[in-house]
S.K.: 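Could you have a look at this structure, given as structure tokens, before my questions?
Just so it is clear, the structure is predicted and the values come from calculations on it, not from any experiment.
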Amino acid sequence: MTKNNRRSALAFPIDLSSSLPTGAAKEAVTVLGRRITNDVYRPGEIMPTEPELAVSLNVSRATIRDAIKVLSGKGLVRTARRYGTRVRPLDEWNLLDSDVVSWHEPNHPRIGRMFAETTELRCIIEPAAAALAAERATEAQVAQILASAHAMHPGDDDLQAMFAADCLFHATVLDATGNMMMRQMQNIILTMLRISYEFGVLVVDGEPVSREGHIHVAEAIRDRNAAAAEQAMQTMLQLNRRTAVEYWTRAAAEAANKRS
């Protein structure tokens with residue numbers, strides 16, 4: 001299975017709510033979002049006119065207007081009468097939006113940095129989430145966390161099953177906190193988790209990342225040991241962070257070599 005095929009094949013086991021519209025407008029948003037995030041239209045550049053985009057995508061001008069409104073809400077573009085639609089600077093993009101992240105091609109240099117920095121963010125949030133889950137999880141949530149941890153088998157060829165178990169584990173831990181803000185981190189965390197599978201960076205020091213770290217977290221939550229759950233999650237994510245930083249450093253070096 002190629003990396004490009006993995007993107008289309010890997011399905012989230014839970015419904016991640018999206019801010020995308022439906023029908024032709026959704027397709028227009030997706031196409032234009034991918035063009036922007038993959039530098040067809042670069043930050044600071046003025047995009048083609050509404051009629052030009054309508055012809056390019058074979059949709060109505062009203063559909064293009066709806067798509068531009070969605071992209072504006074995600075921080076990607078700004079419209080003005082005097083110049084039309086301009087791509088906004090990168091630091092104004094909503095990089096916690098799972099759509100914005102998923103529109104990047106897996107080999108885009110920016111995604112390596114986003115992967116590393118999201119992993120850093122996870123190291124801050126998820127250990128605390130595990131501690132709260134140990135205190136607040138329902139028995140059903142504890143059972144789901146344990147089952148998901150034990151369902152992870154890195155040596156198997158079924159990547160979808162591994163991904164689904166990984167997603168359910170982390171999503172349920174966040175849900176078990178009972179904290180609405182932490183629950184809303186599910187989309188970005190699971191999106192970046194899928195990217196890690198697409199990158200194929202589930203290997204550290206030549207060994208596949210095992211399920212043992214997940215099981216340690218799950219058992220600490222089961223035992224209602226908040227300190228142990230927090231430490232186990234921190235230990236597991238620090239390993240992921242090291243892998244992410246190594247990947248970003250390597251990707252940045254390769255990008256620099258191509259430019260030179």
S.K.: Test E52 against S56 for side-chain hydrogen bond (donor to acceptor under 3.5 Å, both in side chains), laying out the working first.
M.R.: CA-CA 6 Å; E52 290 171 333; S56 172; over 6 Å; no

S.K.: Examine distances only and state if a side-chain atom of N38 and a backbone atom of E105 form a donor-acceptor pair shorter than 3.5 Å.
M.R.: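 Pair found, side chain donor or acceptor close to backbone of E105.
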
S.K.: Nearest 0.5 Å, please: how far is OG1 in T63 from CG in L57?
M.R.: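 So the CG of L57 and the OG1 of T63 are separated by 9.5 Å.
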
S.K.: Taking the side chain as every heavy atom from C-beta outward, state whether H104 and R110 have any atom pair closer than 4.5 Å.
M.R.: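 Touching, per the 4.5 Å side-chain cut-off.
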
S.K.: Are the side chain of T177 and the backbone N or O of L174 linked by a donor-acceptor pair below 3.5 Å?
M.R.: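 Side chain of T177 to backbone of L174, a donor-acceptor pair under 3.5 Å: yes, one is there.
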
S.K.: For the residue pair L95 and V101, establish whether any side-chain heavy-atom pair is separated by less than 4.5 Å.
M.R.: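 Contact flag for L95/V101 side chains = no.
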
S.K.: Give the table of side-chain donor-acceptor pairs shorter than 3.5 Å for residues 26-33, with sequence neighbours excluded, one pair per line with atom names and distance.
M.R.:
from	atom 1	to	atom 2	distance (Å)
T30	OG1	K26	O	2.9

S.K.: Does the distance from a Lys or Arg side-chain N to an Asp or Glu carboxylate O, for R113 and E120, drop under 4.0 Å?
M.R.: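 No, this pair does not count.
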
S.K.: D99 and W103: side-chain contact (heavy atoms from CB on, under 4.5 Å), yes or no, with the steps?
M.R.: CA-CA 6 Å; D99 294 323; W103 287 334; 3.9 Å; yes

S.K.: Measuring only between side-chain heavy atoms, which start at C-beta, is W93 closer than 4.5 Å to V87?
M.R.: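 When only atoms from C-beta onward are counted, V87 and W93 do touch, with a gap below 4.5 Å.
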
S.K.: Can a side-chain donor-acceptor contact be found between D158 and H153 if the only test is distance below 3.5 angstrom?
M.R.: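 Judged by distance alone, the side chains do not pair up.
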
S.K.: Let me confirm one number: the OG1-OH distance from T85 to Y41, rounded to the nearest 0.5 Å.
M.R.: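 OH of Y41 is found 10.5 Å from OG1 of T85.
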
S.K.: Are R78 and E92 ion-paired here, with the side-chain N under 4.0 Å from a carboxylate O?
M.R.: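 Answer for the salt bridge query: yes.
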
S.K.: Which atom names give the shortest non-hydrogen contact between A137 and I221, and what distance separates them?
M.R.: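 Residues A137 and I221, closest heavy atoms: CB-CG2, 4.4 Å.
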
S.K.: Of all the heavy-atom pairs spanning V40 and E45, show the shortest one and how long it is.
M.R.: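 Closest pair (atom of V40, atom of E45, distance): O-OE1, 4.0 Å.
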
S.K.: So is R81 actually on top of Y83's ring, under 6.0 Å and inside 45° of the axis?
M.R.: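 R81 over Y83 ring: no.
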
S.K.: Ignoring hydrogens and geometry, is there a side-chain-to-backbone donor-acceptor pair from Q160 to A11 under 3.5 Å?
M.R.: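 Yes.
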
S.K.: Mind running side-chain hydrogen bond (donor to acceptor under 3.5 Å, both in side chains) on Q238 and Q234 for me, showing each step along the way?
M.R.: CA-CA 6 Å; Q238 285 296 342; Q234 186 68 254; 2.9 Å; yes

S.K.: Please report the closest heavy-atom contact between A151 and A165, naming both atoms and the distance.
M.R.: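 Looking at all heavy atoms of both residues, the closest pair is CB-CB, 3.9 Å.
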
S.K.: Any link between V59 and V55 through a network of hydrophobic side chains (Ile, Leu, Val, Met, Phe, Trp, Tyr) touching at under 4.5 Å?
M.R.: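 Unlinked, V59 and V55 end up in two clusters.
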
S.K.: For a salt bridge (Lys or Arg N to Asp or Glu O under 4.0 Å) check, start with the C-alpha distance between E219 and R211, then their side-chain angles and the critical distance, and finish with the verdict.
M.R.: CA-CA 12 Å; E219 290 179 343; R211 62 179 184 163; over 6 Å; no

S.K.: State, with a plain yes or no, whether a side-chain heavy atom of C167 is found less than 4.5 Å away from one of L193.
M.R.: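 A side-chain contact exists here, since the closest heavy-atom pair is under 4.5 Å.
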
S.K.: Are the side chains of N94 and L76 in contact, using a 4.5 Å heavy-atom criterion?
M.R.: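 No, their side chains stay 4.5 Å or more apart.
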
S.K.: At what distance, to the nearest 0.5 angstrom, does NZ of K69 lie from OG1 of T79?
M.R.: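 Taking NZ in K69 and OG1 in T79, the distance rounds to 9.5 Å.
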
S.K.: Is it the case that over 12 heavy atoms from other parts of the model lie below 6.0 angstrom from the CG atom of D91?
M.R.: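 Yes.
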
S.K.: Just verifying a value: how many Å separate T191 OG1 and F115 CZ, rounded to the nearest 0.5 Å?
M.R.: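 These two atoms lie 13.0 Å from each other.
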
S.K.: Between M152 and I215, does the side-chain contact (heavy atoms from CB on, under 4.5 Å) criterion hold? Intermediate values first, please.
M.R.: CA-CA 9 Å; M152 297 179 67; I215 291 174; over 6 Å; no

S.K.: Check P127 against L237 and note the closest heavy-atom contact, atom names and distance.
M.R.: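 Scanning both residues, the minimum pair turns out to be CD-CD1, 4.0 Å.
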
S.K.: Measuring from I125:CD1 to M181:CE, what's the distance to the nearest 0.5 Å?
M.R.: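 I125 CD1 to M181 CE: 12.5 Å, rounded to 0.5 Å.
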
S.K.: So, for L53 and P48, which heavy atoms are closest and what is the spacing to 0.1 Å?
M.R.: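 Nearest heavy atoms, L53 then P48: CD1-O, 3.6 Å.
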
S.K.: If you round to the nearest 0.5 Å, how far is NZ of K74 from OG1 of T37?
M.R.: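 It is 11.5 Å, given to the nearest 0.5 Å.
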
S.K.: For M182 versus A128, what's the shortest heavy-atom pair and its separation?
M.R.: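 Reported closest heavy-atom pair: CE-CB, 4.2 Å.
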
S.K.: Considering only heavy atoms from C-beta outward, does the side chain of S102 approach that of R194 to under 4.5 Å?
M.R.: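 The answer is yes, as the side chains (C-beta and beyond) meet within the 4.5 Å cut-off.
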
S.K.: With a 3.5 Å distance limit and no angle check, can you tell me whether R183 reaches the backbone of D175 through a side-chain donor-acceptor pair?
M.R.: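 Such a contact is found between R183 side chain and D175 backbone.
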
S.K.: Are H214 and H170 an aromatic pair by the rule of ring centers under 6.0 Å?
M.R.: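 Here the rings of H170 and H214 have centres that are less than 6.0 Å from each other.
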
S.K.: If we count only N and O atoms by modelled type, under 3.5 Å, do the side chains of T49 and R61 hold a donor and an acceptor together?
M.R.: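 No, R61 and T49 have no side-chain donor paired with an acceptor closer than 3.5 Å.
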
S.K.: Does E50 come within less than 4.0 Å of R65, counting only side-chain N to carboxylate O?
M.R.: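 Result for this pair is yes, salt bridge flagged.
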
S.K.: Please identify which of these residues, T119, I189, V217, L121, meets the side chain to side chain contact (heavy atoms under 4.5 Å, CB included) condition with E126.
M.R.: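 Of T119, I189, V217, L121, side chain to side chain contact (heavy atoms under 4.5 Å, CB included) with E126 is met by I189 alone.
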
